[in-house]
Amino acid sequence: MDFIVKMNTLIITMISVLYVYQMFYIAVVFIGEWVQKRREKKQPDIPVKQHRFAAIISARNESNVIGQLLDTIRAQKYPAELLDAIVIADNCTDDTAQVAREHGAIVYERFNKEKVGKGFALNYAFHHIAEDYGDSYYDAYVIIDADNLLDENYFAEMNKTFCKGYRIMTSYRNSKNFASNWISAGYSLWFLREAKFLNNARMMLGTSCAVSGTGFLVSSEIIRERGGWNYHLLTEDIEFTVDTVIRGENIGYCAGAMLYDEQPTTFQQSWTQRMRWAKGFYQIVANYGGRLSGGIVKNRRKNPFACFDLTMTVMPAMLITVFILISDLVLLLMAAFGSMYMPHLLQNMLGSLVFWLGGYYSSLFFMGAVTMITERKKIRNCPWWKRILYTFTFPFFQLTYLPIALAALFKKVEWKPIRHEVAKSLDEVR
């Protein structure tokens, strides 16, 4: 039993060492932003070429919210003749297609009960666009979810970063409903941190960022080279990111392009969504894990750190943590029943649990607090007392991922749509 205690301590220490670089990212952002501000004062504005974009929106029964998104696309401070909204009404049973057409979108209706999911819908759209307009009519596509809202400068900012040579890039992901409850706040704070202290830092260091579900750009060259969108695992966005990094290409980040995303507010919705994410991560490890981790050594001339960073993102660290926690609890019960004979074991296990839980909570609280402070001006319609409360509940929200990660290992998971109901205009959100 002492051996198991020592092994648990060793594993926890190793995981902490492997992930400590993400704390370093915070320092990178503060230093990097200070340097950027000094450079911007000295450098004149550089004219950029205006590219032709298409916003690609996969929508399944999204008539409640898609009109508001399309309105924000039409209100962009970008030449209207260079920007189209294309909606894939995917297996819809409501009037999503009609609402989309009324708001000026090009609409493709798709009905396929066997090939279900966003990845199949995107592939369907890209092939139809190639047939109708040619595969080089648009310079790039921006993938957006139907429940999103876009800042009016979104495409102008994305265009600036696109002009720097990035063929794939992601943007700043804000929330439509941060203040709804501790669940929506947990999601929101995580995505704000991902934008500010993960992708932002990666961009500054010249390594690859990661695509996250919505609000990302893909050049038409990429779609042509890869023969469409051939990513159909449960987390097709991370699958696309992993494949891109393995190929040696860096994904960029545009901090000035902000979108607002709706987050789940019930634990049932959250459980369903994160179950899919957890299962999708296991699928990626099974399908790409060897090549991704191997890229740490093989991609020496490209970006080996990007392979390491992404390996840390998709590796089943949460599952390892679950098994550590379960083994600690089992040993703790055994020690409790035999405490008259093994008092030292009981003391060691209690110390191990306190150390693990305390370290877990403290690190997540620190990340959440720093994010809440730095991004406070971008968090709208949330009173100060809720911001403080949700900073303390953020680690608990992340802790609920533990049973999800364990259940996803054994449960069959299929893609299911999340119903969106926050039908607000951009002005109402802001």
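Throughout, residue positions are numbered sequentially from 1 according to the sequence presented.
Using a 4.0 Å cut-off between charged side-chain N and carboxylate O, Lys77 and Glu157 make no salt bridge. A salt bridge between Glu225 and Arg247 is absent, with no side-chain N of the basic residue lying under 4.0 Å from a carboxylate O of the acidic one.
Between Ser188 and Arg173, the side chains place no donor N or O within less than 3.5 Å of an acceptor N or O (distance only, hydrogens not considered). Neither side chain, Ser175 nor Asp261, offers a donor N or O lying under 3.5 Å from an acceptor on the other. Side-chain contact annotation: Gln269 with Arg274, donor-acceptor N/O pair under 3.5 Å absent. Using modelled atom types, one finds a donor on one side chain and an acceptor on the other under 3.5 Å when comparing Ser270 with Tyr187. No hydrogens or angles considered: nothing links the side chains of Thr235 and Gln283 as a donor-acceptor pair under 3.5 Å.
With rounding to the nearest 0.5 Å, the separation of CG in Asn177 from OG in Ser184 is 5.0 Å.
At distances below 3.5 Å, not a single donor-acceptor pair connects side-chain atoms of Asn153 with backbone N or O atoms of Ala257. Proximity of a side-chain donor or acceptor of Thr241 to a complementary backbone N or O of Val211 within less than 3.5 Å is detected. Of the possible donor and acceptor atoms, none in the side chain of Lys386 sits under 3.5 Å from a partner among the backbone N and O of Asn181. Checked by atom type and distance alone, the side chain of Asn230 pairs as donor or acceptor with a backbone atom of Arg226 at under 3.5 Å. Using modelled atom types, one side-chain atom of Thr72 and one backbone atom of Leu69 make a donor-acceptor pair closer than 3.5 Å. Here the side chain of Asn91 pairs no donor or acceptor atom with the backbone of Val116 at under 3.5 angstrom. Under a 3.5 Å cut-off, the side chain of Ser293 and the backbone N or O of Gly289 do form a donor-acceptor pair. In this structure, the side chain of Thr391 does not engage the main chain of Ala369 through any donor-acceptor pair within 3.5 Å.
In this structure Glu62 satisfies the side-chain hydrogen bond (donor to acceptor under 3.5 Å, both in side chains) test together with His420, sequence neighbours excluded. Checked against side-chain contact (heavy atoms from CB on, under 4.5 Å), Ser136 has the following partners two or more places apart in sequence or in another chain: Arg224. The side-chain hydrogen bond (donor to acceptor under 3.5 Å, both in side chains) test applied to Tyr361 returns no partner, not counting sequence neighbours. Partners of Glu152 according to the salt bridge (charged side-chain N to carboxylate O under 4.0 Å, His left out) rule, which considers only residues two or more places apart in sequence or in another chain, are Arg430. Qualifying side-chain hydrogen bond (donor to acceptor under 3.5 Å, both in side chains) partners for Arg276, counting only residues two or more places apart in sequence or in other chains: none. In terms of the salt bridge (charged side-chain N to carboxylate O under 4.0 Å, His left out) criterion, residue partners of Asp90 (sequence neighbours excluded) are, by chain and number, Arg110. With sequence neighbours excluded, no residue forms a ring pair (Phe, Tyr, Trp, His ring centres under 6.0 Å) with Tyr166. Partners of Ser171 by side-chain hydrogen bond (donor to acceptor under 3.5 Å, both in side chains), not counting sequence neighbours, listed by chain and number: Tyr154.
Inter-residue side-chain proximity for Val28 and Phe197 is flagged as unmet; no heavy-atom pair is nearer than 4.5 Å. Under the 4.5 Å side-chain criterion, counting only non-hydrogen atoms from C-beta, Pro264 is in contact with Gln273. Looking at heavy atoms from C-beta onward, Gln263 lies out of side-chain contact with Lys176 at the 4.5 angstrom threshold. In this structure the side chain of Leu259 never reaches within 4.5 angstrom of the side chain of Asp151, judged on heavy atoms. A heavy-atom distance below 4.5 Å is not found between the side chains of Tyr141 and Leu217. Residues Tyr288 and Ile238 fail the side-chain proximity criterion, which asks for heavy atoms closer than 4.5 Å. You'll find the side chain of Val142 reaches within 4.5 Å of the side chain of Ile144, heavy atoms only. The shortest distance between side-chain heavy atoms of Ile106 and Val87 does not fall below 4.5 Å.
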Q: Tell me, with the steps shown, if Arg101 and Glu109 meet salt bridge (Lys or Arg N to Asp or Glu O under 4.0 Å).
A: CA-CA 11 Å; Arg101 291 190 180 99; Glu109 296 188 63; 3.3 Å; yes
Q: Under the side-chain contact (heavy atoms from CB on, under 4.5 Å) rule, what do Met372 and Met367 come out as? Steps first, then yes or no, please.
A: CA-CA 9 Å; Met372 187 73 80; Met367 292 177 186; over 6 Å; no
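Just one residue in the list Thr244, Val245, Ile246 forms a side-chain contact (heavy atoms from CB on, under 4.5 Å) with Val242, and that residue is Ile246. Checked options Asp147, Leu149, Asn148; the residue passing with Glu262 is Asp147 (criterion: side-chain contact (heavy atoms from CB on, under 4.5 Å)).
Residues in residues 198-212 take part in these salt bridge (charged side-chain N to carboxylate O under 4.0 Å, His left out) pairs, two or more places apart or across chains: Arg202-Asp309. Evaluation of the side chain to side chain donor-acceptor pair (under 3.5 Å) test over residues 372-383, restricted to residues two or more places apart or in two chains, returns Tyr172-Glu375. Applying the ring pair (Phe, Tyr, Trp, His ring centres under 6.0 Å) test to residues at least two apart or on different chains, the pairs with a partner in residues 220-240 are Phe120-His232, Trp229-Tyr231, Trp229-Phe240, Tyr231-Phe240. Among pairs with a residue in residues 113-135, those fulfilling salt bridge (charged side-chain N to carboxylate O under 4.0 Å, His left out) read Lys118-Asp145, at least two apart in sequence or across chains.
Closest heavy-atom contact between Ile284 and Glu239: CD1-N, 3.6 Å. Taking both residues in full, the closest heavy atoms of Ala85 and Leu70 are given as CB-CD2, 3.7 Å, listed atom of the first, atom of the second, then distance. Between Thr93 and Asn61, the shortest heavy-atom contact is N-OD1, 2.6 Å. Nearest heavy-atom pair, Tyr253 versus Cys209, reported as atom, atom and distance to 0.1 Å: CB-SG, 3.5 Å. Taking each heavy atom of Ala59 and Cys92 in turn, the nearest pair found is O-SG, 3.3 Å. Nearest heavy atoms, Phe178 versus Cys382: CD2-SG, 3.8 Å.
The aromatic rings of Phe155 and Tyr78 lie tilted to each other, with the angle between the two planes from 30° to 60°. Ring geometry for Phe191 against Trp277 counts as perpendicular: the plane angle is over 60°, on a 0 to 90° scale with 30° as the lower cut. In this structure, Tyr124 and Tyr108 have perpendicular ring planes: the angle between them is above 60°, well past the 30° mark. Between Tyr25 and Phe305, the ring-plane angle classifies as perpendicular under the 30° and 60° cut-offs.
The environment of Phe267 atom CZ is dense: over 12 non-hydrogen atoms of other residues, nucleotides or ligands sit within 6.0 angstrom. For CZ of Arg291, the number of neighbouring non-hydrogen atoms (other residues, nucleotides, ligands) closer than 6.0 Å is greater than 12. No more than 12 heavy atoms of other residues, nucleotides or ligands lie within 6.0 Å of CZ in Phe24, so this atom counts as exposed by the packing criterion.
A cation-pi contact, defined as under 6.0 Å to the ring centre and within 45° of the axis, is absent between Arg387 and Phe394.
Checked against a 6.0 Å centroid threshold, the rings of Phe365 and Phe392 count as neighbours.
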